[in-house]
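Heads up: the structure comes next, in structure tokens.
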Amino acid sequence: MINHSYSNRQVLMRIPVQISYNSNLETAMKLMLEAARSHPRVLREPAPAALLTSFADDGIKLELMAWIEDPERGKLNLQSDLKLGALQGLCRQRDRDSLPAA
């Protein structure tokens, strides 16, 4: 018997995110992907993905899927980093959108 569970160290991170119905869905998904692509622990292949998973009473549920190969370094800290990166991107986008037209 061969145990293949240790032959591949890649682990899929599934990171739930919920946004308001007033939010721009495409922008939120784009920023989630940018946060994942820019994080040094997230693998380029398989590529990260942002998916719409469901509609809730109080918002739209999304999920960021990203592969890593170092789960021993922690998963919750990575989840926090990626959510923070997406939130910072949303704040920058909001600030740009609120600038007065020149």
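In this chain, numbering begins with 1 at the start of the sequence shown.
For K83, the NZ atom is densely surrounded, since the number of other residues' heavy atoms within 6.0 Å is greater than 12.
With sequence neighbours excluded, no residue forms a salt bridge (Lys or Arg N to Asp or Glu O under 4.0 Å) with E45. Here R73 pairs with D70 under the salt bridge (Lys or Arg N to Asp or Glu O under 4.0 Å) rule; sequence neighbours left out. Here R14 pairs with E63 under the salt bridge (Lys or Arg N to Asp or Glu O under 4.0 Å) rule; sequence neighbours left out. The side chain to side chain contact (heavy atoms under 4.5 Å, CB included) search around Q10 returns N8, L43, P46, W67, E69, not counting sequence neighbours.
Listed by first and then second residue, the salt bridge (Lys or Arg N to Asp or Glu O under 4.0 Å) pairs that reach into residues 27-38 are K30-E34, sequence neighbours excluded.
By the 4.5 Å heavy-atom criterion applied to side chains, R41 and P71 are not counted as neighbours.
Residue D58 holds its CG atom at 9.5 Å from OG of S20, rounded to the nearest 0.5 Å. To the nearest 0.5 angstrom, S80 atom OG is 15.5 Å from K75 atom NZ.
Criterion: ILVMFWY side-chain heavy atoms under 4.5 Å apart, direct or through other members. Under it, L84 and L76 are not part of a common hydrophobic cluster.
In the hydrophobic clustering (ILVMFWY side chains linked at under 4.5 Å, chained through shared members), M32 is joined by V11, M13, I15, V17, I19, Y21, L25, M29, L33, V42, L52, F55, I60, L62, L64, I68, L78, L82.
The two residues G85 and A35 come nearest to each other via the heavy atoms C-CB, 3.9 Å.
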